[in-house]
J.: 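Below are the structure tokens for one structure; questions will follow.
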Amino acid sequence: MIELKNISKSFNTGTPNEAKVFDNLNLILNEGDFVTVIGGNGAGKSTLINIISGSISPDEGKVLLNNANITNMKEHQRAPYFGRVFQDPMVGTAADMTVLENLALAYGRGRPRSLFRWSYRKSDIQTFIDDLKTLDLGLEKRLYQKVGLLSGGQRQALTLLMATIRNKPTYARIKKDYVRFSSGDKKAAQNVINQTFIEAKNNFIKTKNIIKANNSLTKEEKKKMHAEAFATYDKTIRAFDVTKPVLLLDEHTAALDPKTAEKVLQITERIVTENNLTTVMITHNMKDAIRYGNRLIMLSQGQIIADVTGEEKQKLTIETLLKLFVTNSKNDILSDSTILGN
Ligand SMILES: Nc1ncnc2c1ncn2[C@@H]1O[C@H](COP(=O)(O)OP(=O)(O)O)[C@@H](O)[C@H]1O
Ligand SMILES: [Mg+2]
């Protein structure tokens, strides 16, 4: 869950160019919400996403992620919890690096700083191939090609993947985040997680010893049972991993031709739904804003002038959306492409 509380933000404060983007903005994004954001030019859509991701800090107010106050957390510290895709396909990927190296770089996000953050284990490659196959663009056959050779659509799809895959966090990290993002008493949470981890480990050791002592088993059988026991242990611990990346998309299909945009949107929807990711998708296209997600927010001059969810959202049409805009907006102008589609 993400909460924006009493957010105010101005640019160029105290100069003739002062622009007050938000004045006491409040917004709650629930876990698993797929929110489309629409609004005129300069309404504050990108600033909203920038404040969530930490690339811009608010002048006033708080940003909470799963109950933790992250307002003062630097952008790179927040990186493990957010995945971003921008409009420009050149931004999200490194052109001079191969598909594999780009994925490895993303996979290393939140890893301790190391000189070779893009280095990968052989065992990671199969994971990357499986991930790439889901895009259905044939990229799994182009692992060793430079990303600069890909089309804009392929690069955006790859960026999406990179924004959502994540290196398996260490047990220590799972523990730390469990406490950081717990809603209640931190001490109680710390006790729960400590206890659970100890029990899981003890169970694993116990099983391991039983297997070891069982002389009727062959070496192969022992190996297999040991692996199963470890998998159970690992699963128990990972069930406490409360961090899933929140996906932030800033007009990520706007630079693509309509057909490619459509394909990237479908990939987006599949990734979001399959992983139940909390997602904010800015779009200039009303049709897409209506078609995708479970919630639609309309921004005008930094204010939320419509917030439509569930069944009501499903029933939206471009006509009703336009009417809402005309009735509630603060004089901003929608671009033709917003009204007419791409
Ligand atoms: N880094 C910045 N410096 C100065 N003004 C900015 C900056 N970022 C955004 N703005 C201003 O804030 C307003 C909202 O911008 P933005 O969030 O990018 O709008 P949108 O994405 O809805 O088009 C605009 O008036 C814009 O000029
Ligand atoms: Mg913008």
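Indexing begins at 1, ligand by ligand and atom by atom, following the structure's order.
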J.: How long is the gap from CD1 on I2 to OG1 on T278, to the nearest 0.5 Å?
T.: 6.5 Å
J.: If you scan the protein for heavy atoms around atom 27 (O) of ligand 1, do you find one that is closer than 4.0 Å?
T.: no
J.: For the rings on F197 and Y178, is their centre-to-centre separation under 6.0 Å?
T.: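 So the answer is no for these two rings.
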J.: Is any side-chain N of the basic residue among E262 and R291 closer than 4.0 Å to the acidic one's carboxylate O?
T.: yes
J.: For atom 16 (P) of ligand 1, find the nearest protein heavy atom and state the residue, atom name and distance (0.1 Å precision).
T.: T47 OG1, 3.6 Å
J.: Scan the protein's non-hydrogen atoms and note whether one is under 4.0 Å from atom 14 (C) of ligand 1.
T.: yes
J.: Nearest 0.5 angstrom please: F128 CZ to E101 CD, how far?
T.: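 Interatomic distance, F128 CZ to E101 CD, rounded to 0.5 Å: 11.0 Å.
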J.: How does N12 reach ligand 1, by side chain, by backbone, by both or by neither, if only non-hydrogen atoms under 4.0 Å count?
T.: side chain
J.: Give me the nearest non-hydrogen protein atom to atom 25 (O) of ligand 1 as residue plus atom name, then the distance to 0.1 Å.
T.: G42 O, 4.2 Å
J.: Mind checking the CD1-CG spacing from I304 to L25? Nearest 0.5 Å is all I need.
T.: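 One gets 4.5 Å once the value is rounded to the nearest 0.5 Å.
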J.: Can you measure from CZ (F325) to OG1 (T320) and round to the nearest 0.5 angstrom?
T.: 14.0 Å
J.: Any idea which protein heavy atom is nearest atom 18 (O) of ligand 1, and the distance to it?
T.: S46 CB, 3.6 Å
J.: So that I can tick it off, tell me whether R84 and D250 are bridged by a salt bridge, with the cut-off set at under 4.0 angstrom between side-chain N and carboxylate O.
T.: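 Answer for the salt bridge query: no.
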J.: Let me see the working for D130 and Q126 under side-chain hydrogen bond (donor to acceptor under 3.5 Å, both in side chains), right down to the final yes or no.
T.: CA-CA 6 Å; D130 293 342; Q126 193 52 49; 3.0 Å; yes
J.: Roughly how far, to the nearest 0.5 Å, is the CG atom of L249 from the CZ atom of F86?
T.: 10.5 Å
J.: At a non-hydrogen distance cut-off of under 4.0 Å, which region of V21 contacts ligand 1 (side chain, backbone, both, or neither)?
T.: side chain
J.: To which protein heavy atom is atom 9 (C) of ligand 1 closest, and what is the distance rounded to 0.1 Å?
T.: F11 CE1, 3.3 Å
J.: What protein N/O/S atoms sit under 2.8 Å from the Mg ion (ligand 2), by chain and number?
T.: S46 OG
J.: Would G39 count as a contact of ligand 1 if the rule is a heavy atom under 4.0 Å away?
T.: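 For ligand 1, residue contact (heavy atoms, under 4.0 Å) with G39 is absent.
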J.: Kindly indicate whether a cation-pi arrangement holds for K9 with F11, taking the cut-offs as under 6.0 Å to the six-membered ring centre and within 45° of the axis.
T.: yes
J.: Would you check the N or O atoms of A43, main chain and side chain alike, for any that come under 3.5 Å of an N or O of ligand 1?
T.: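 In this structure, A43 places an N or O atom under 3.5 Å from an N or O of ligand 1.
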J.: Do the rings of F204 and Y233 sit parallel, tilted or perpendicular, given the 30° and 60° boundaries?
T.: parallel
